[in-house]
Student: 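Got a structure for you, questions after.
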Amino acid sequence: MPLLVMKFGGTSVATLDRIRRAAKRVGVEVAKGYDVIVIVSAMAGETNKLVGLVNETSPLFDAREYDAIVSSGENVTAGLMALTLQEMDVPARSWQGWQVPIKTTNAHAAARIVEIPTDNISAKFAEGMQVAVVAGFQGIGPDGRVTTLGRGGSDTTAVAFAAAFGAERCDIYTDVDGVYTTDPRICEKARKLDKIAFEEMLELASLGAKVLQTRSVELAMRYNVKLRVLSSFEEMDDAAGTLVCDEDEIMELNVVSGVAYSRDEAKMTLISVADRPGIAAAIFGPLSEAGVNVDMIVQNISEEGRTDMTFSCPTDQVKRAEKAMADAKAAGAINFHDIVADTGVAKVSVVGIGMRSHAGVAAKMFKVLSDEGINIKVITTSEIKISVLIDRKYMELAVQALHDAFELEKAA
Ligand code: ADP
Ligand code: ASP
Ligand code: MG
């Protein structure tokens, strides 16, 4: 039997009525002759609520307990989706991550999928089951404890299942009708793309466009999964949404194809650290061990053998970063005068494969921001993207101004 993976995000399963509508879509594919693996997220808002409970209970929480708690939202929707399908006379059952089992690494709260054995679910399909409903976002680590794949991780569960089962397609149903040139919720001129190259989607996702989790795009690229993003709120249409595909399948190539932003960034500066060989390792080693995801790094000019070191990380990791640095200082591994956290910044990035062969994108980006009176605090670049850290209050303005300046509302 041909097989499809259909993933429904939080807003697509937010109420029993929405679950019923999602189940109807699944029913349509089953009627066409497909076996379907449905991956579900928690109901909208549920994971945030659970994360809030964890933080309130224990700010520097044990990540294994965090996973036990925040993974629970998906268990509820998986069961509800299976029951709804059964009510429609579609043979279905639910699986939690450990029952498959979805084997992951031990990196709690940011685990990676290592293996998905297919025998268990395939045997049920062979017995006549038509839909396997799997709780997204969760797995089981080598220590036998529940893990989660990082926020937005159900996308990755979906792509990993599509790869493991050789699915014909992996459809990601969400609350927008595809991937846009930027977030349509903050820029009304954002344009929907019919196709986007894996590499561009990878950059956009890793720079904050949460429509797909970064790791899901990496997996789709590696295993050549046919990945589509579409709305669960619109009429079913086989040509709908955005196809994430190889670069050579795309005719139109803009120099810049998208603008991404990440709201929850913090800029941390260690004031007056010794400028000596090994200092970066002495700072970033303990940060990494503490589970801090450092993004941008700038070492300022040095004066009399001392320098300031600036880095960015997600705002919710500031406390961890401060503690890791205080501990390293107490242990004598590093010495600094002060640590300053600026939690009012955001990262805005422009992305495009065309940048490989076009100069001047950075200069244009800096000019646009300067014309708007926006100060740039940190800059980083790669072959196909430029990112800046700016005050959060200018984030939407920056996204809109860049979208205008690079004429993203027009197709190439
Ligand atoms: P789900 O709960 O279905 O997983 P998410 O909230 O994780 O949905 O992702 C969908 C959201 O991603 C959209 O509502 C939109 O606001 C946001 N988004 C950010 N950047 C983009 C983009 N370039 N194209 C489409 N959506 C985007
Ligand atoms: N429910 C999880 C989250 O909100 C996973 C997901 O929706 O993909 O991050
Ligand atoms: Mg999501």
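Side-chain atoms are counted along with the backbone in the values below, which use heavy atoms only and exclude waters and symmetry mates. Order of listing sets the numbers, starting from 1, for every ligand and every atom in it.
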Student: Does L204 come within less than 4.0 angstrom of ligand 1, counting non-hydrogen atoms of the residue?
Tutor: no

Student: How does R185 reach ligand 1, by side chain, by backbone, by both or by neither, if only non-hydrogen atoms under 4.0 Å count?
Tutor: side chain

Student: Would you tell me which option among A42, A44, S71, S154 has the nearest heavy-atom contact to atom 8 (O) of ligand 2?
Tutor: S154

Student: Answer with yes or no whether K7 contacts ligand 1, where contact means a heavy atom under 4.0 Å from a ligand atom.
Tutor: yes

Student: Identify the protein heavy atom lying closest to atom 7 (O) of ligand 2, giving its residue, its atom name and the separation to 0.1 Å.
Tutor: S41 OG, 3.0 Å

Student: Do K329 and F336 meet the cation-pi criteria used here (NZ or CZ under 6.0 Å from the six-membered ring centre, within 45° of the axis)?
Tutor: yes

Student: Heavy atom of G10 under 4.0 Å from ligand 2?
Tutor: no

Student: With atoms numbered from 1 as shown, which atoms in ligand 2 lie under 4.0 angstrom from a non-hydrogen atom of R151?
Tutor: 3 (C), 4 (O), 9 (O)

Student: Any idea which part of E46 is under 4.0 Å from ligand 2, heavy-atom wise: side chain, backbone, both or neither?
Tutor: neither

Student: With the side chain counted from C-beta on, respond yes when I250 and E247 share a heavy-atom pair under 4.5 Å apart, and no when they do not.
Tutor: no

Student: Give the contacting part of V176 toward ligand 1: side chain, backbone, both or neither, where contact means a heavy-atom distance below 4.0 Å.
Tutor: side chain

Student: Going by the atom numbers of ligand 1, which of them fall below 4.0 Å from some non-hydrogen atom of Y180?
Tutor: 22 (C), 23 (N), 24 (N), 25 (C)

Student: Assess the residue pair Q138 and N75 against the criterion (side chain to side chain donor-acceptor pair (under 3.5 Å)); give the C-alpha distance rounded to whole Å, side-chain angles, the decisive distance to 0.1 Å, and a yes or no.
Tutor: CA-CA 9 Å; Q138 53 175 263; N75 296 343; 2.8 Å; yes

Student: Parallel under 30°, tilted from 30 to 60°, perpendicular over 60°: which one fits the rings of F311 and F284?
Tutor: perpendicular

Student: If the contact criterion is a heavy-atom separation under 4.0 Å, does G9 count as touching ligand 2?
Tutor: no

Student: Is the Lys NZ or Arg CZ of R222 less than 6.0 Å from the centre of F198's six-membered ring, within 45° of the axis?
Tutor: no

Student: Examine ligand 1 and decide if any of its atoms is less than 4.0 Å from a heavy atom belonging to A44.
Tutor: no

